[in-house]
Amino acid sequence: MNRRNGLMAFLLSCALPAAALAQAPAAPTDFPRKPIALVVPFAAGGPTDVVARTMAPLMGAVLGQSVVVENRVGAGGTLAASHVAKSAPDGHTIFIHHNGMATAPALYRKLQFDPLKDFEYISQAIDVPMTLVARKDLPPNGLRELVPYLKANASKINVAHAGLGAVSHLCSLMFRQAIGVDMQTVPYQGTGPALNALLGGQVDILCDQTTNTTQHIKAGTLKNYGVTTLNRIGALPDSPTLDEQGLKGFQVVVWHGIYAPKGTPQPVIAKLNAAVRAALKDPSFQQRVKDLGGDVVPESKQTPEGLRTWLTAEIDRWSPVIKSAGAFAD
Ligand code: MLT
């Protein structure tokens, strides 16, 4: 064997086991060995919590262990994300988060985690529109009356949200920019408590997901000024969109992803992904999501790669917008 062939033979002998490994079936795993914590970055009773608590028992049934929702609130969801990023990568701590995972790197200059380096990706879950709602005795009816009312009363109006970087915050920011009115904002630890404050009349306006607002809009306990999709939605067919009422192109859809700490073994991720997909396929889950105005994502997004690709695109989309606006949360 000459020197060149010898080198080839050596490289091939290194490459063959690697190729064989890549094709090998996933190693068997004893996961899960104990209950799994599903960390929610906002308060109990809010929209993220509702998704988590609806999925948890369905996932638990597939995994043969309880999936226990754990609310870790604060800093627009970033405290929970850094907690999960530092948790043991064994699959017993997982995380649900929304668009905030993509906007945090631009909004927070001192972030304790990197969404693209510190996590494994399990699956996307559901997409949810938002609604612009107010306490039921706010005088204006419809967006056309609301805008001049807000302009005339800006200093007296309080807008609730779930912390800097929460989607309720981003949506209200977009709305205030769209109508050119600056109003005082009041942060809560989730839109669960923010909505309670709205129902109690302690704040005036909130932009929140339909998973939290639909039942109150239907019951007439909140005033609804419109949905944030470009087309009307099945759960609230009588609700106009903000776009059709004159805020052209106003669109916010909240997407949800499920994550695990970086280094969680792939066979464990595969088991968690199968449990998420089973929950998303469950007819009772699908009906509940539909009734609350959401959509289960297509199967192409119910994969680790689907979530990672989506998150990367969303970070690329939002970072320049947020940075050029000079909007920082810290
Ligand atoms: C929540 O679950 O409380 C909301 O998703 C928070 C938010 O508005 O981002």
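For ligands, and for the atoms within them, numbers begin at 1 and follow the listed sequence. Predicted model, so just to flag it, every value in this text is computed and none were measured.
Taking a cut-off of under 4.0 Å to the non-hydrogen atoms of T48, the atoms of ligand 1 that pass are 1 (C), 2 (O), 4 (C), 5 (O). The contact set between ligand 1 and A166, taken as ligand atoms under 4.0 Å from a residue heavy atom, comprises 7 (C), 8 (O), 9 (O). Taking every heavy atom of H98 and a limit of under 4.0 angstrom, the matching atoms of ligand 1 come to 5 (O), 7 (C), 9 (O). Near T191, meaning under 4.0 Å from one of its heavy atoms, ligand 1 places the atoms 1 (C), 3 (O), 4 (C), 8 (O). Of all atoms in ligand 1, numbered sequentially from 1 with element shown, those under 4.0 Å from a heavy atom of G190 are 3 (O). Within the listing of ligand 1, atoms 6 (C), 7 (C), 8 (O) sit less than 4.0 angstrom from a heavy atom of A162.
Two different hydrophobic clusters hold V133 and V252 under the rule that ILVMFWY side chains link at heavy-atom gaps under 4.5 Å.
Dense packing is recorded around NZ of K248, with more than 12 heavy atoms of other residues, nucleotides or ligands lying under 6.0 Å away. Under a cut-off of 6.0 angstrom, the local environment of CD in E299 is sparse, with at most 12 non-hydrogen atoms contributed by other residues, nucleotides or ligands.
Under a 4.0 Å heavy-atom criterion, P47 is in contact with ligand 1. Within the 4.0 Å heavy-atom cutoff, Q209 counts among the residues contacting ligand 1.
By the 30° and 60° cut-offs, the orientation of the rings of H161 relative to H169 is tilted. In this pair, W255 and W310 present their aromatic rings perpendicular. The plane angle is above 60°, beyond the 30 to 60° band.
Across all their heavy atoms, L307 and G257 have their closest contact at CD1-CA, 3.9 Å.
Ionic pairing of D204 and R135 is present here: one or more N-O contacts between side-chain nitrogen and carboxylate oxygen are shorter than 4.0 angstrom.
When only non-hydrogen protein atoms are considered, atom 8 (O) of ligand 1 lies nearest to S168 OG, 2.6 Å.
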